[in-house]
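Read the numbers this way: they start at 1 and go in the same order the structure lists the ligands and their atoms. Just so it is clear, the values below take in all heavy atoms, side chains as well, and ignore hydrogens, waters and symmetry mates.
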Amino acid sequence: MEKDTSFLLTGIKFNKKRFAGDFARFKKRKQSNDDGSVDDLSFFKREDTEAEKVVVSVNKKRKRKTKAERVEGFSVFKGSDSVPVVINEATEQEENNQKELNRQNERDLRLRKKYGIHVSGNNVPSPLQGFAELSTRYGCESYLLHNLVKLGFKEPTPIQRQAIPVLLSGRECFAKAPTGSGKTLAFVYPMLMKLKQPSKDGIRGVILCHTRELAAQTTRECKKMARGSKFRIKLMTKELLRNTDFTKLPCDILVSTPRRLQLCISTKKKKIDLSRLVWMDWDAENMLLIYELGLRNKDELFFCLHRNCTSMIVSTRYKCYSDSRVEYLVLDESDKLFERSLLEQTDSVVKACSNPSIIRSLFSATLPDFVEDVARTVMHDAVRVIVGDKNAASESIKQKLIFAGSEEGKLLALRQSFAESLNPPMLIFVQSIERAEELYGELKFDSIRVGVIHSNLSQEQRENVIDDFRAGKTWVLIATDVLGRGMDFKGVKCVINYDFPDCAASYIHRIGRSGRAGRIGEAITFYTEDDIPYLRNIANVMIASGCEVPSWLIDMPKKKWKKHYPRRESISTKPKDQEE
Ligand SMILES: Nc1ncnc2c1ncn2[C@@H]1O[C@H](COP(=O)(O)OP(=O)(O)OP(=O)(O)O)[C@@H](O)[C@H]1O
C-alpha cells in the first residue's frame, strides 16, 4: 500500500515559444523559472494555506457583486451534504427559492437514506430518482436512453443514482460501492454524455484498469453503451502499442492498463500526448487580480481560480478557455492502481493528463484510507460517494468459512463439494501461478470441465480461457488474483477461496465475482492453521455484510493484516514419497 502521491505534486510544462508574449510580461518577476515550467511544487505545497486565503478573497469579491452567491469551500470533507447559505434581508423571491432548496435537500436525504448512499463534499448534486431524469435534468441524448432500454436496465443502481449526477455536474468524484453494483455504467455514461460528440481533438476520455482482461471488458461495455453514436472507443492492445502512430489514431476514448499507456507516453515515437494547458484570455481584470493576490503569474492565477471555483464561473467571469485534450479520466479499481506495483505507472498517466479542467474519478468496491488521502490531496472540490458499509462485501452473497485442516484436507473438501452439488459456473482462487497449475493438474482428470488462468499465459491463451468460461465450455475456472477484481461473469454462482485471500480487500473483490447485479451468490473460504490469525478480519467483513458469524470468531484478537502469503504444501494427492 502506498502513500506516495507524487503525481499530484507534479506540474505542467508550458509552451514557452507559443506563449512568448505572455511570458515576456512576467520575465522580470519570474526569475527562478528559467525552464518555463511552473514552480509547481512550492505553489501546490502552500495551497492549503495561502491558496485558501486567496480563494476566500476571490470569493469575497464575488460575494460583494451578488449577495445570493454561495461561498464555496474546497475541502472535500468540510461538510456533509449541501449547506444552504442563510441570506439576510432576503426578498420574497429569495425566500421562496430557499424554501424550495430546503425541500430539495430533504428529498435528497430521503432518497440517499433509502438506497444507503453516503456523501461528503460541498453542494452535492441531487441523486437520480430514475433514468428518465438523465433526459429532463441533463438533456441526455436519446441514443443513450435507448441503449439503457436495450440493456434491460430499468432503474439506476444506488451508485449510479449518485455518481452520475456528480460527474455530470463537472465535479470530481471518488466512490465506493459493492461489487457487481454497476460502477462501470456509473462512470462510462457521464463520460459519453460529457464528451457529447466524437471530435478530431484526439483522446478525450481515458479509463485505466488494472488488468488487460478488465480493460477488454470495460471497452466492450463502453461500446455497448455508446451504440448509435460515432464515438471511437479503443482498447490499448499490444498491437496498438507496437504499430500505431497515436497522432493519427481516430480515438475519443482509450481504455488501457497503466503499464501500456505509460509505455506509450514515455516512448517519444508514439507521440501520444494527453496534456494540454488551459489558458486564460488575458485582460486587465486578471492582471489586477495577480497583483492583489500576491501571485507571480497567470499560471498561478489560473490554478488558484480553477482549483477553487467551478469551471463555469471561471469561464464566464475570467474568460478562461480550454484547449483541452483529456477531459475525463477514470481510475477503476483505484485502490489497486495505487498499490506499489502499479503506482508509478498510474502516476505517469495521471501526470500526463494535465488538462486543469479534467474531471477525474476513482471507483472501487474498497476504499482504504490511503486512497481517501490521495483523493483528498489531488482532487478539486471532489465529492465522496459511499454506498453501503465501507468494509462490507455485497449483501447478496452467502459467505461460509470451512476449516480444511491441511492442504490435503482442502482437496478432499473441494472434491466432496463437487460430488454433493456442483453448481457451475464456479471460480476457484489460489494464491500463486504454481498452485493454479497444480490444482488444474489435479482436477483436469476428474470429469469436470475445468480451466486455468494466470499471468504466465499468453494474452491469446488468457482470452481463450475467458471466452470458454463465458461460453459455458468450462464450468470451473481456477484463477490467481488476476481475475479477482472487476470481472463480470454474469452467472457465477459460487466462488471458492481455495487459498485464503491475502487481505480483506482481496476477499471482498474475489467473492464479489458471484452475486452480481442483485443475483444470489455463494462464497466458500477454506482455511488451515496458518490462516487462523487472519480469520477475524474476514469475520469483520462478514458481519458488515449481514452474515452470521460464530461467537468464537468475534472473540479472536484483532491482527494487523499485512499481505498474507504463507508457504503452503503443494497441491497433490500423490503420496509424499512419490513426489519429485
Ligand atoms: N442499472 C442496472 N440495472 C441492472 N443491471 C445493471 C445496471 N447497471 C449495471 N448492471 C449490470 O450489473 C453487472 C455488474 O456491473 P459492473 O461490472 O459495472 O459492476 P461493478 O460495480 O463495477 O463491480 P466490481 O466492483 O466487481 O467491478 C453488469 O452485468 C451490468 O450489466
Side-chain angles (χ1 to χ4, degrees), residues 115-117 127-134 140 144-145 147-164 173-192 207-211 213-225 227 255 330-337 361-367 371 385-388 390-397 425 427 429 466 470 479 481-493 495 505-521 523 541 545:
Y115 293 105
I117 302 167
L128 294 175
Q129 309 216 25
F131 280 133
E133 267 184 82
L134 289 172
C140 171
L144 279 167
L145 291 171
N147 289 344
L148 285 179
V149 176
K150 270 196 234 154
L151 289 166
F153 300 166
K154 296 192 178 85
E155 288 287 320
T157 63
I159 185 64
Q160 292 164 1
R161 282 179 197 276
Q162 188 59 76
I164 292 176
C173 167
F174 55 107
K176 183 250 153 221
T179 51
S181 66
K183 293 187 284 294
T184 315
L185 187 139
F187 57 73
V188 169
Y189 214 83
M191 176 182 313
L192 295 171
I207 304 175
L208 280 194
C209 304
H210 72 297
T211 59
E213 283 74 19
L214 184 58
Q217 177 183 290
T218 305
T219 309
R220 224 176 22 248
E221 292 303 305
C222 219
K223 284 181 177 170
K224 274 190 214 162
M225 282 177 229
R227 232 173 253 158
V255 188
V330 180
L331 307 189
D332 193 13
E333 306 296 347
S334 48
D335 49 335
K336 189 74 195 172
L337 295 177
S361 56
L362 314 182
F363 281 83
S364 183
T366 43
L367 184 65
V371 176
V385 182
I386 306 260
V387 176
K390 209 175 153 205
N391 299 309
S394 166
E395 286 180 13
S396 60
I397 306 166
L427 270 166
F429 285 104
I466 300 269
R470 283 198 200 277
D481 278 317
V482 75
L483 283 203
R485 283 171 174 255
M487 296 306 291
D488 185 48
F489 302 110
K490 286 199 177 51
V492 170
K493 303 218 171 67
V495 168
S506 147
Y507 175 77
I508 291 170
H509 287 278
R510 277 181 178 187
I511 69 168
R513 297 319 94 211
S514 72
R516 300 180 72 74
R519 293 184 188 89
I520 302 294
V541 174
S545 347

Is there a side-chain contact between Leu483 and Ile466, using heavy atoms and a 4.5 Å cut-off?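 With C-beta onward as the side chain, the pair touches.
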Does the residue Arg485 have a heavy-atom contact with ligand 1, meaning some pair of atoms that are separated by less than 4.0 Å?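 It does not; every heavy atom stays at 4.0 Å or beyond.
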Would you mind running through ligand 1 and noting each atom that sits below 4.0 Å from a heavy atom of Glu333?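 The atoms of ligand 1 under 4.0 Å from a heavy atom of Glu333 are 27 (O).
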Which residue and atom name correspond to the protein heavy atom nearest atom 3 (N) of ligand 1, and how close is it?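 Looking at atom 3 (N) of ligand 1, the protein heavy atom closest to it is Phe153 CD2, 3.6 Å.
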At less than 4.0 angstrom from any non-hydrogen atom of Thr184, what atoms of ligand 1 do you find?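 Contacts of ligand 1 toward Thr184, numbered from 1: 16 (P), 17 (O), 18 (O), 22 (O).
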With atom 23 (O) of ligand 1 as the reference point, say which of Gly180, Pro158, Pro178, Gly515 has the nearest heavy atom.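 When every heavy atom of Gly180, Pro158, Pro178, Gly515 is considered, Gly180 comes closest to atom 23 (O) of ligand 1.
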Arg513, any N or O under 3.5 Å of ligand 1 N or O: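 It does: an N or O of Arg513 is found under 3.5 Å from an N or O of ligand 1.
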So is Gly486 close enough to ligand 1, meaning a heavy atom under 4.0 angstrom away?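 It does; at least one heavy atom falls under 4.0 Å.
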Show your working on salt bridge (charged side-chain N to carboxylate O under 4.0 Å, His left out) between Arg485 and Asp335 and close with a plain yes or no. CA-CA 11 Å; Arg485 283 171 174 255; Asp335 49 335; 2.9 Å; yes
Thr218 side chain reached by Phe187 side chain, heavy atoms, under 4.5 Å: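 When only atoms from C-beta onward are counted, Thr218 and Phe187 do touch, with a gap below 4.5 Å.
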Of all the atoms in ligand 1, which lie at a distance below 4.0 Å from a heavy atom belonging to Ala517?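 Heavy-atom distances to Ala517 below 4.0 Å select 12 (O), 13 (C).
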Beyond-backbone contact of His509 with Lys336, side-chain heavy atoms, under 4.5 angstrom: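 Not in contact.
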Just to be sure I read this right, does ligand 1 sit under 4.0 Å from the backbone of His509, its side chain, both, or neither, counting only heavy atoms?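 The answer is neither; His509 stays 4.0 Å or more away.
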Taking C-beta and beyond as the side chain, do Lys224 and Lys150 meet within less than 4.5 Å on heavy atoms?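 The answer is no; the side chains never approach within 4.5 Å.
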Below a 4.0 angstrom heavy-atom separation, can you tell me which part of Arg516, side chain or backbone, both or neither, approaches ligand 1?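 The part of Arg516 near ligand 1 is the side chain, not the backbone.
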Got a second to check how far Ser396's OG is from Arg516's CZ, nearest 0.5 Å?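 Between atom OG of Ser396 and atom CZ of Arg516 there are 10.0 Å.
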Non-hydrogen atoms of Lys154 versus ligand 1: any pair closer than 4.0 Å?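 No, that is not the case, since the closest heavy atom of the residue is not under 4.0 Å from the ligand.
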Leu214 side, atom CG; Thr184 side, atom OG1 - distance, nearest 0.5 Å: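 Reported value, rounded in 0.5 Å steps: 7.5 Å.
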How does Gln160 reach ligand 1, by side chain, by backbone, by both or by neither, if only non-hydrogen atoms under 4.0 Å count?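 Side chain only.
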Just heavy atoms, cut-off under 4.0 Å: does Met487 contact ligand 1 by side chain, backbone, both, or neither?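 Neither; nothing of Met487 gets under 4.0 Å from ligand 1.
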Reported CG-to-OH distance for the pair Leu148 and Tyr189, which is rounded to 0.5 angstrom: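 Those atoms lie 3.5 Å apart.
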Below 4.0 angstrom from a heavy atom of Ser181, which ligand 1 atoms are there? Numbered from 1 as shown, please.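 Counting atoms of ligand 1 from 1, those under 4.0 Å from Ser181 are 19 (O), 20 (P), 21 (O).
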Report the part of Thr179 (side chain from C-beta onward, or backbone N, CA, C, O) that has a heavy atom under 4.0 Å from ligand 1; answer both or neither where that applies.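 The part of Thr179 near ligand 1 is both the backbone and the side chain.
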Give the atoms of ligand 1, by number and element, whose distance to some non-hydrogen atom of Asp488 is under 4.0 Å.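 This gives 13 (C), 14 (C), 17 (O), 28 (C), 29 (O) as the contact atoms.
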Heavy-atom nearest neighbour in the protein, as seen from atom 21 (O) of ligand 1, with distance rounded to 0.1 Å: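 Looking only at protein heavy atoms, the one closest to atom 21 (O) of ligand 1 is Lys183 NZ, 2.9 Å.
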Would you say the side chain of Met225 lies within less than 4.5 Å of the side chain of Met191, judging by non-hydrogen atoms?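 Side chain of Met191 against side chain of Met225, heavy atoms only: no contact under 4.5 Å found.
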Considering both backbone and side-chain atoms of Gly182, is one of its nitrogen or oxygen atoms within less than 3.5 Å of a nitrogen or oxygen in ligand 1?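 Gly182 vs ligand 1: N/O contact under 3.5 Å present.
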Result of checking Val541, Leu427, Ile397 against Ile511 for side chain to side chain contact (heavy atoms under 4.5 Å, CB included):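 Only one option passes, and that is Ile397.
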Nearest 0.5 Å, please: how far is CG in Asp488 from NZ in Lys183?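 Reported to 0.5 Å precision, the distance equals 10.5 Å.
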